[in-house]
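Please read the structure below before turning to the comments.
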Amino acid sequence: MFASHAQRKGVIRRNIDNYEKLSIYLSPNGEAVSQAVCLPEKIAAAYFSEALGFIEKLHPYRHQISESYEEFSTKYTKIIEEKRYSCARIRRKYALKGIKYELDSLGVSFDYRGAWLSKLRGACYIVIAAFTGCRDGEIKSFNIDSYKEKKYAGIKVSVLHGNHTKPNVGGVSRETSWVTIPSVKKAIELLWDAFRFAREGWRSQAADIEHFDERHKFLRDIDSLFVTLPYLTGYQPRAGKQSLAHSLRTFVRSVDYRATREDVNEFDLLNPTREGDLKVGEILEVHPHCFRRTFAVYLVRNKLASLLDIKYQFKHMNIAMTSWYASQANLASHFDMMIDSDLQDEIAGENKNYTADIFYYLYNDAETLAGPEGRRIKNLRAEGDFTVYLSKEEILKQVEEGRLSITEHPGGYCTNPNCDRICDMSVCQYKVVTLKKARSLIPTREKLMAKYNAMLASGIDMPNVISKIYFEIRSIEKVFSEHNIDFDIFNGQDFHI
DNA sequence: TGTATACCATGACGGTCCCT
DNA sequence: AGGGACCGTCATGGTATACA
């Protein structure tokens, strides 16, 4: 019903007809995979950067927020109790009297329902979820002590500790750890301190609970990151599923990012079972689980670094995150951490999907290809070799068996299963360059030419370096000519080996 | 003119229930 | 077990109106 309502409203168009079949067909291991949505890159960047900016801006004022909100809500409650002013507007006005307006310029708004605080909660949740890949349950198990920093090879690495909600067979509860970014610390602190007044409110109510165990549980719930406001109709301190969904929606709506044609295409590509759900001009609403898949997808597609670049202060974390990605969680073992195995599986699955997608494109769709391996594929296609026209299933099978593998380089793809990403690729026999990659080499070539000229002009006598740059420019030009990209031939001094 | 109230639509919050 | 539908409550904000 909700779906049809949303459909009428034009929010979504959800086609669940072949849901099960499609998911099994598309999953790398032939089993149904979780149907979480993966956010297109632009949308993810819009949401994440807004959430990060929100947190960065408000983090220093978190104590002040709590104090002012406490003042506002006690005044407001008193007005209600005294039955003064029948109009909410006037109640609000008087409750706001005397409250410091420094927060006003920061966009902090005071409302008795806690709508603004709900938005804050949504922003913090997004940052925690987006940069850890945690499960919803785990995120809710975090508290102020969950964030730790460890040193690894001279790099400061942020780690989050959470208790596994599901106990093992023996009833032993496991601790799970997640590599993350420093902003998560700020998100946790902001959430914790801005809601302090709410927590205090709940705490004072706990005294009325007579049964010891009940009171104990109540007090434990209060020490959660996500609490509701104590003076409303709610009677549970912990923010439930629905309240969090509201928070996420409030936040996403406030961002007001409208999907473009490009976003819709990417959405359909990333979420084949939900093709058509997102339409141009719509706001993509998020759910707690979508961040986990988005995390896995971006980790594999090596875009996490670009998302992390949103704020310059995260740059140093790229190294740790990237090495974690590159060494397949080797870093985790250094920390003696239990990395969530489901997430590992999800990452591995995405890796296969990604590889298969690229091969499918190379074998069947790509119009022009360059590089030795690219030429080989092109020739095979020209000869009508039927083995080249592989179906996605066949490709996936080969990927799983380790017969096909792909490594992404700045200038192209490498099909060598043992590629260590160290070679310069200019003469690599496994090299494949697609048109898109070739186009991305245009600025690279310009930079190289500038470098070449600068080195030559300064009279530095480094023939090895200069010749390397020269041959790199020439190899890029070769790629250009194979893709019919126009360029003026670089006429640097010719080298002879 | 400033302040308070009435009425109304909207929609957010956070709970329970129900379905898959 | 988790997601969504549904529900009750009530803040919010627009407009109209009454009063000092």
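In what follows, chains carry the letters A, B, and so on, assigned in the order in which the sequence lines appear, proteins first and then strands, with residues in each chain numbered from 1.
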Rounded off to whole Å, could you give me the CH2-to-P distance for the A:Trp116 and C:dG13 pair?
15 Å

Send over the distance from A:Phe251 CZ to B:dC13 P, rounded to a whole Å.
14 Å

Could you tell me the separation between the CG atom of A:Leu248 and the P atom of C:dG2, rounded to a whole number of Å?
16 Å

Ignoring hydrogens and angles, answer whether the base of C:dC10 and the side-chain atoms of A:Arg113 contain a donor-acceptor pair closer than 3.5 Å.
no

Closest listed nucleotide, where the reference is the side chain of A:Arg249 and the choices are B:dC13, B:dA12, C:dT12:
B:dA12

Checking A:Arg199 against A:Trp192: charged group under 6.0 Å from the ring centre and within 45 degrees of the axis?
yes

Supply the atom-to-atom distance A:His59 NE2 to A:Asp193 CG, rounded to the nearest 0.5 angstrom.
7.5 Å

From CA spacing to verdict: side chain to side chain donor-acceptor pair (under 3.5 Å), A:Asp111, A:Tyr76:
CA-CA 10 Å; A:Asp111 54 298; A:Tyr76 204 109; over 6 Å; no

Roughly how far, to the nearest 0.5 Å, is OG of A:Ser247 from CZ of A:Phe226?
8.5 Å

Side-chain N or O of A:Thr250 less than 4.0 angstrom from OP1 or OP2 on B:dC13?
yes

Ignoring backbone atoms, test whether A:Arg92 places a side-chain nitrogen or oxygen under 4.0 Å from the OP1 or OP2 oxygen of C:dA11.
no

Record whether the side chain of A:His246 comes under 3.5 Å of the base of B:dG14 through a donor-acceptor pair of N or O atoms.
yes

Looking at every heavy atom in both A:Ala46 and A:Tyr257, which two are closest together, and how far apart are they?
CB-CD1, 3.7 Å

Distance test, side-chain N/O of A:Arg121 to OP1/OP2 of B:dG14, below 4.0 Å
yes

Below 4.0 angstrom from OP1 or OP2 of B:dA12, is there any side-chain N or O of A:Arg253?
yes

Write down the distance between OH (A:Tyr112) and C1' (C:dT9), rounded to a whole number of angstrom.
13 Å

Taken to the nearest whole Å, CZ/A:Phe110 to P/C:dG13 is 14 Å

Short side-chain N/O contact to C:dT12 OP1/OP2 from A:Tyr76, under 4.0 Å
yes

Which whole-number value in Å describes the distance from A:Leu244 CG to B:dA12 P?
15 Å

